[in-house]
Amino acid sequence: MSTTAEPAITLYGTPLSGHSHRAEAFLNILGLPYRFVEAGAELRRSESFLALNPFGQIPVLVDGDLVLPDSVAILVYLADRYDASGLWNPKAPEDAARVQRWLSVAAGDLRFGPALARILTLWGGAASLTDAQAVAGRVLRFMDGHLASRDWLAAERPTIADIACYAYVARAPEGHIPLDPYPAVRRWLERVEAIPALTPMPQSAIPQTA
């Protein structure tokens, strides 16, 4: 998304990063103008980028004087700063705790399950694909049971919990993790992708040798 005038918000990321997709999707949902800077490996090693995030990771959001790495932190900031309705990141203690629980799942089991399996399949690495797939199976079974009797992860409406968990679940098959056994998860993915202005996570070609 771009505008002719220079927007106040800049997002550094890459199109195939699920972490970047979380931030970009939520910017689009909120209707916020922003500039997207594709931050490939070379840029992430540069001094200018490391000044934004010393860990060299994406995404990084720049909003005026604020420089904010970490996709989950970006979701929380955008919701609290720009969502006047307060629905995307509710503040009632029980609701807030439910959202936080799923943000933790996104940063934990989803990262080391379907996200890692996808990375290993598409780009390689030293970690165990079998272990990542086992973690993915466990978290997907849990999600499927949770979603069997509800539409959304943390509330009666979509929240940033759903945005945080969406991308790597949607592209789990790219890590050789089929979604056929999880009908409730698949229905939830359809609901997330029907959220106005949300662009689905791009698909990647799976290497034939994987």
Query raised in the report: Out of curiosity, does Leu140 fall in the hydrophobic cluster containing Leu129 (side-chain heavy atoms, cut-off under 4.5 Å, transitive links)?
Result: no
Report task. Establish whether Leu198 and Leu147 are linked, either directly or via other cluster members, by ILVMFWY side-chain heavy-atom contacts under 4.5 Å. Result -> yes
Query - Straight-line distance of Asp131 CG to Leu116 CG, nearest 0.5 Å - result: 9.0 Å
Report summary line: Taking every heavy atom of Pro69 against every heavy atom of Asn53, the minimum-distance pair comes out as CB-ND2, 3.6 Å
Report summary line: Closest heavy-atom pair, Gly175 versus Thr121, reported as atoms and distance to 0.1 Å, is CA-OG1, 3.5 Å
Requested in this report: Carefully, step by step, assess Lys91 and Asp80 under the rule salt bridge (Lys or Arg N to Asp or Glu O under 4.0 Å).
Outcome: CA-CA 10 Å; Lys91 297 307 177 190; Asp80 290 352; 2.9 Å; yes
Query raised in the report: So, are Arg81 and Asp63 salt-bridged, with charged N and O less than 4.0 Å apart?
Result: no
Report task. Could you state whether Leu78 and Leu52 fall into the same hydrophobic cluster, counting links through intermediate Ile, Leu, Val, Met, Phe, Trp or Tyr residues with side-chain heavy atoms under 4.5 angstrom apart? Result -> no
Query - From Arg171 atom CZ to Gln203 atom CD, the distance as rounded to the nearest 0.5 Å - result: 4.5 Å
Query - Residues Arg141, Asp144: salt bridge by 4.0 Å N-O rule - result: no
**Report entry** Glu174 (side chain) donor-acceptor with Ser204 (main chain) under 3.5 angstrom
**Finding:** yes
Query raised in the report: Looking at Trp102 versus Phe142, is the centre-to-centre ring distance below 6.0 Å?
Result: yes
Report summary line: Rounded to the nearest 0.5 Å, the CG atom of Leu43 sits from the CD1 atom of Ile58 at a distance of 9.5 Å
Query raised in the report: Under a single-linkage definition using a 4.5 Å side-chain heavy-atom cutoff for Ile, Leu, Val, Met, Phe, Trp and Tyr, are Val62 and Ile74 assigned to the same hydrophobic cluster?
Result: no
**Report entry** Joint cluster assignment, Val139 & Ile177, ILVMFWY side-chain distance < 4.5 Å
**Finding:** yes
Requested in this report: Using the side-chain contact (heavy atoms from CB on, under 4.5 Å) rule, take Tyr12 and Phe36 through it: C-alpha gap first, then chi angles, then the decisive distance, then the call.
Outcome: CA-CA 6 Å; Tyr12 293 83; Phe36 184 85; over 6 Å; no
Query raised in the report: Where do Leu153 and Ala161 come nearest, in terms of heavy atoms and distance?
Result: CD1-O, 3.8 Å
Query raised in the report: Are a donor atom and an acceptor atom from the side chains of Tyr166 and Glu193 found within less than 3.5 Å of each other?
Result: yes
Query raised in the report: Between Asp83 and Trp88, what is the shortest heavy-atom contact and its length?
Result: OD2-N, 3.0 Å
Query - Test item: Ser17 side-chain N/O and Gly13 main-chain N/O as donor-acceptor pair under 3.5 Å - result: no
Query raised in the report: For Arg111, does the CZ atom have more than 12 heavy-atom neighbours from other residues, nucleotides or ligands under 6.0 Å away?
Result: no
Requested in this report: Go through the steps for Ile9 and Arg35 under the test side-chain contact (heavy atoms from CB on, under 4.5 Å), then give the verdict.
Outcome: CA-CA 6 Å; Ile9 297 175; Arg35 180 172 67 104; over 6 Å; no
Report summary line: Closest non-hydrogen contact found for Leu103 with Ile160 is CD2-O, 4.0 Å
Query raised in the report: Apart from Tyr168 itself, which Ile, Leu, Val, Met, Phe, Trp or Tyr residues share its cluster (side-chain heavy atoms under 4.5 Å, direct or through members)?
Result: none
Query - Ion pair Arg98/Glu94, N-O distance below 4.0 Å - result: yes
Query raised in the report: Given Asn89 and Thr159, is the side-chain contact (heavy atoms from CB on, under 4.5 Å) satisfied, shown in steps?
Result: CA-CA 6 Å; Asn89 189 29; Thr159 67; over 6 Å; no
Query raised in the report: Are any of the side-chain heavy atoms of Pro90 and Val99 separated by less than 4.5 Å?
Result: yes
Query - pair Arg44-Leu50: side-chain heavy atoms closer than 4.5 Å - result: no
Requested in this report: Report yes if the side chains of Trp152 and Val192 come closer than 4.5 Å at any heavy-atom pair, otherwise no.
Outcome: yes
Query raised in the report: Between His146 and Trp188, does the ring centre distance come in under 6.0 Å?
Result: no
Report summary line: Taken to the nearest 0.5 Å, the spacing of Ser71 OG from Gln57 CD works out to 10.0 Å
**Report entry** Under 3.5 Å side-chain donor-acceptor pair for Ser46 and Ser48
**Finding:** yes
Query raised in the report: What do the steps show when you test Val60 against Leu68 for side-chain contact (heavy atoms from CB on, under 4.5 Å), and what is the final call?
Result: CA-CA 6 Å; Val60 174; Leu68 185 61; over 6 Å; no
Query raised in the report: From Glu38 CD over to Leu16 CG, what is the distance, rounded to the nearest 0.5 angstrom?
Result: 8.5 Å
Query raised in the report: Any side-chain heavy atom of Leu32 sitting closer than 4.5 Å to one from Tyr82?
Result: yes
Query - Side-chain donor or acceptor of Ser20 paired with backbone N/O of Thr14 under 3.5 Å - result: yes
Query raised in the report: In Å and rounded to the nearest 0.5 Å, what is the CG to CE distance from Asp109 to Met143?
Result: 10.5 Å
Query raised in the report: Where is the tightest heavy-atom contact between Leu179 and Ala172, given as atom of each residue plus distance?
Result: CD2-CB, 4.1 Å
